[in-house]
A.B. asks: 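Here it is: the structure, laid out below.
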Amino acid sequence: MAPGDRDGSTLGSAHAIEPASAPVSALDPDELDRPIRSSMPELSRATAALRRIGIETPREALWYLPFRYDDFSELRQLGELVPDEKQSARVRVEAVRIEPGFGRRPQRVIAQLTDDTGSAKAIWFGRRYVERRLQAGDELIVSGKVTQRGWRSQFASPEFSPVGRESVHTARVVPVYHLAAGVTQKRLREILARILERALPAVNDPLDEAEREGLPALDDALRTAHFPEETADVVEALDRLAFDELLALQLTLAQARQARDGLTAPRIAVTEDERAEIIAALPFTLTDDQASSVAEIVDDIATDRPMRRLLQGDVGSGKTAVAAVALACAVRAGWQGALMAPTEILARQHHTGLAPLLDALGVRAEFLSGSLPAARKRAIHDAIAGGMAEVVIGTHAVISEAVTFPRLGLVIADEQHRFGVGHRAALQAKGSGGEPHVLALTATPIPRTLALTVYGDLSISTIRQLPPGREPIRTEIRDRRALPKIEAFLASEVGEGRQAFVVVPLIVESHQLQVASAEAEAERLRVALPTVRVGIVHGQQRSADRDATMTAFAAGELDLLVATTVIEVGIDVPNASVILIEDAERFGLAQLHQLRGRVGRGRHRSFCILLSDATDELTLRRLEVVRGSQDGFEIAEADLELRGAGNLLGTRQSGLPPLRVASLFEPRHVKLAQRARELADSAIAADPTLADRPLLARLQRDFAPIEEEGDAA
Ligand code: ADP
Ligand code: MG
């Protein structure tokens, strides 16, 4: 570090991405994956800080992308500065003054700046040694937020660099990264610039020019994603990186499809008559969508190619009934079936809901969970092993090692996105007549264009119509001024014997804040509504505590449940008639729709209140979609359309694989996913192990496999 450079703000490297830089030695390709400590010892003092943000190797640093950019590339004149915006200017320093700190007031460094059009001040707070780098007469580029003080403009703690020695912080499009404790934005930017400089030449593109089809080369894309020349260049660069991520996903899906070609499942043969007989034994008539889903499943399981089918339909659309028919068919043909749910409560609910249906169809269902007494568990294990248990419903305990199914033919996985690939693989290994057929159920409606790319290894059945006689959930949009009325309404519903949910605002940045907000809201409601029994559930509770509260709510021992999105795919409480969703604009539309599905499950007239103080037109249009439709697919499609552009970095939604760069709500990326799928298919067809394409294999490994996320909130 140069003398007089005590805050380390201008590592020599910082200028290196500028054309005037002196050449530095490139890393070897192998060094990209070695610890930074060994591949770039000159950064050894930064490695602890980097580790805290999850960067151990140069490659990880390359892929640590900014979440936003500040555009300081246009140089303004002091006379034309606009208040409350981030801007850059080329200035002369007239004078520098230090105001010593006093008591709790920090020291301030104040510089008087001028150009031909006017003057301004720059102020830095705290002991930052800024004055050592500033002298009257210096020509500088300053970049930062401008505020108006009286009639004077003022830069608040701006970045600056001498004219002719522009740094990564000034007079350009500047990346802004997520930080961790102990690293400043400026320091991280410099470290990353330094790493890029030595690592980018070592990056080999896994795609040849024909495969890129006009997308930029990987090294260019990475450089631009960190330090773009112009904001407009970012889109193309991120498209390229998104393509790589989507390609990794598609390679995995293509391998799964290929691997399945070599496997065989039992042929589960049921005649038309048998199927009709089973359906006739149900206490209701199947809807057309239910009937065609049943037909698709029955056709699949009759062949020896293992079924991998996703049944999607809104909450209450009757997926469970379809599952019951499929299980009954398997049992009728002499096979065993299993149904797995992601939580104990959901598993119990399934057992409660399915057992009577299966009973009507002459099938015996056992419930199995880790929490059963050991003796009971052993008895069920024996019943399964002896083939007496025809259908087993439960949690992951179903796939615990002690359980052996002699004739497992069909597995149903509820809310499949909560089941990791590993779970499914373990379950598949349980089958003894070959691979079992697998049917996954999901209430996350995914538009067809997306489903094909995201679940490229699955066939899809869809239930769009609800069973007859459902009353729509009355949905209203209100702002905070209506809260007293809303609370009175909650209290009156409770007075009528109903129950209510209150969903607290989504805070993606911090689980802690989210929990704090749930606790504060529960407390506020306890005070505001003293006669109402209030419980709380959130994702930071131990799951036993959370389950206990949910069970108490389901049993009617609590009237109102304050919750984070953990209730999104959750309990069935037919007595609940109202759900209030606070700061509704923060949720995805599909998520709002799923939350709304927590009510309207019984015979009571039900209500959903979307609370939002947002006033911009797009937000209101989005909320209006949910208010105006009860159809999850219609809502998901509108969501896709309305999000559209401007959403550069990935958006998470339950039911979709977590993507870092790509966004499945970005129509351009959906097209890229289709292209990625074609490329993946041909690469895997040529060589399933990718042995001849080590760079592609590497790419596939670099992105997390499609192991899906657990409870998010
Ligand atoms: P999902 O699993 O998709 O949420 P369920 O299968 O649990 O939906 O069905 C919700 C409710 O609707 C259940 O009470 C079920 O008995 C009932 N149901 C399902 N299908 C029909 C149908 N075709 N006609 C009438 N009621 C139905
Ligand atoms: Mg269900």
Side-chain angles (χ1 to χ4, degrees), residues 275-276 278-297 309-329 337-343 345-361 363 365 367 391 393 410-419 439-446 460-473 554 567-577 579 590-591 593-604 606 630-633 635-636 654-655:
R275 192 209 310 181
I278 288 170
I279 290 174
L282 287 171
F284 39 72
T285 312
L286 291 183
T287 62
D288 290 348
D289 284 352
Q290 282 174 315
S292 54
S293 299
V294 165
E296 286 162 354
I297 294 163
R309 182 171 285 279
L310 181 70
L311 175 61
Q312 48 171 356
D314 264 338
V315 163
S317 61
K319 298 182 294 294
T320 309
V322 171
V325 173
L327 288 167
C329 287
L339 185 144
M340 297 192 303
T343 66
I345 292 188
L346 284 176
R348 273 189 197 285
Q349 243 166 244
H350 266 297
H351 186 247
T352 317
L354 260 176
L357 282 182
L358 288 174
D359 213 37
L361 306 176
V363 174
F367 176 74
V391 167
I393 298 171
L410 174 64
V411 171
I412 298 191
D414 187 32
E415 284 312 326
Q416 77 107 39
H417 59 268
R418 301 279 162 137
F419 274 97
L439 176 69
L441 312 182
T442 178
T444 304
I446 298 173
I460 295 171
S461 297
T462 302
I463 307 182
R464 270 194 95 130
Q465 20 164 216
L466 295 183
R470 286 288 159 75
E471 228 194 298
I473 299 161
I567 59 153
E568 191 182 336
V569 179
I571 45 171
D572 185 8
V573 184
N575 190 47
S577 63
I579 183 165
Q591 207 174 12
H593 176 66
Q594 281 197 336
L595 286 168
R596 176 171 60 182
R598 294 304 103 209
V599 299
R601 301 167 73 88
R603 47 198 172 76
H604 310 288
S606 298
Q630 309 268 329
D631 178 341
F633 289 93
I635 291 171
S654 65

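In listed order, ligands and their atoms are each counted from 1. Any value given below was found using the heavy atoms of this structure, including those in side chains, with hydrogens, waters and symmetry copies removed.
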A.B. asks: Quick one: list whatever passes side chain to side chain donor-acceptor pair (under 3.5 Å) with Asp631, sequence neighbours left out.
C.D. replies: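 For Asp631 the side chain to side chain donor-acceptor pair (under 3.5 Å) partners, ignoring immediate neighbours, are Arg464.
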A.B. asks: Is any side-chain heavy atom of Leu327 closer than 4.5 Å to a side-chain heavy atom of Val363?
C.D. replies: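 No, too far: nothing below the 4.5 Å cut-off.
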A.B. asks: Please work out whether any backbone atom (N, CA, C, O) or any side-chain heavy atom from C-beta onward of Asp314 is under 4.0 Å from ligand 1, and answer side chain, backbone, both or neither.
C.D. replies: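 Near ligand 1, Asp314 shows its backbone, while the atoms from C-beta on stay back.
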A.B. asks: State whether the shortest distance between N or O atoms of Gly316 and N or O atoms of ligand 1 falls below 3.5 angstrom.
C.D. replies: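 Yes: some nitrogen or oxygen of Gly316 is under 3.5 Å from one in ligand 1.
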A.B. asks: Specify side chain, backbone, both or neither for Ile463, according to which of its non-hydrogen atoms lie closer than 4.0 Å to ligand 1.
C.D. replies: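 It is neither part, as no heavy atom is under 4.0 Å.
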A.B. asks: Enumerate the atoms of ligand 1 whose separation from the nearest heavy atom of Thr285 is less than 4.0 angstrom.
C.D. replies: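 Counting from 1, the qualifying ligand atoms are 22 (C), 23 (N), 24 (N).
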A.B. asks: Can you list the ligand 1 atoms lying under 4.0 Å from a non-hydrogen atom of Thr287?
C.D. replies: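 Heavy-atom distances to Thr287 below 4.0 Å select 23 (N).
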A.B. asks: Side chains of Asp289 and Thr462: closer than 4.5 Å at any heavy-atom pair?
C.D. replies: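 With C-beta onward as the side chain, the pair stays apart.
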A.B. asks: Within the side chain of Gln290, is there an N or O that forms a donor-acceptor pair under 3.5 Å with the backbone of Ile463?
C.D. replies: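 Checked: no pair found.
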A.B. asks: Quick one: does Gln290 get an N or O within less than 3.5 Å of an N or O on ligand 1?
C.D. replies: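 Among all N and O atoms of Gln290, at least one is under 3.5 Å from an N or O of ligand 1.
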A.B. asks: Can you figure out which of Gly597, Gly602, Pro467, Pro468 has its heavy atom closest to atom 27 (C) of ligand 1?
C.D. replies: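 Minimum heavy-atom distance to atom 27 (C) of ligand 1 goes to Pro467.
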A.B. asks: State, without any angle test, whether His351 and Arg348 hold a side-chain donor-acceptor pair at a distance under 3.5 Å.
C.D. replies: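 No, no side-chain donor-acceptor pair sits under 3.5 Å.
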A.B. asks: Checking contacts here: is it the side chain or the backbone of Leu286 that comes within 4.0 Å of ligand 1, counting heavy atoms only? Could be both or neither.
C.D. replies: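 Leu286 to ligand 1: backbone contact only, side chain stays beyond 4.0 Å.
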A.B. asks: Side-chain contact, heavy-atom cut-off 4.5 Å: Asn575 with His604?
C.D. replies: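 Of all side-chain heavy-atom pairs linking His604 with Asn575, at least one is under 4.5 Å.
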A.B. asks: For ligand 1, find out whether one of its N or O atoms is nearer than 3.5 Å to an N or O atom of Gly318.
C.D. replies: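 Among all N and O atoms of Gly318, at least one is under 3.5 Å from an N or O of ligand 1.
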A.B. asks: With a cut-off of 4.0 Å, which atoms of ligand 1 are near a heavy atom of Val315?
C.D. replies: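 It comes down to these atoms of ligand 1: 4 (O).
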A.B. asks: Suppose I only count heavy atoms of Ala321 and a 4.0 Å limit; which atoms of ligand 1 are within that range?
C.D. replies: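 Near Ala321, the atoms of ligand 1 are 6 (O).
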A.B. asks: Is the closest side-chain heavy-atom distance between Gln630 and Asp314 below 4.5 Å?
C.D. replies: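 Answer no - side chains too far apart.
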A.B. asks: Taking a cutoff of less than 4.0 Å between a non-hydrogen atom of the residue and any ligand atom, is Ser317 in contact with ligand 1?
C.D. replies: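 Yes.
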A.B. asks: Thr287 versus Pro468: any side-chain heavy-atom pair under 4.5 Å?
C.D. replies: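 Yes, their side chains come closer than 4.5 Å.
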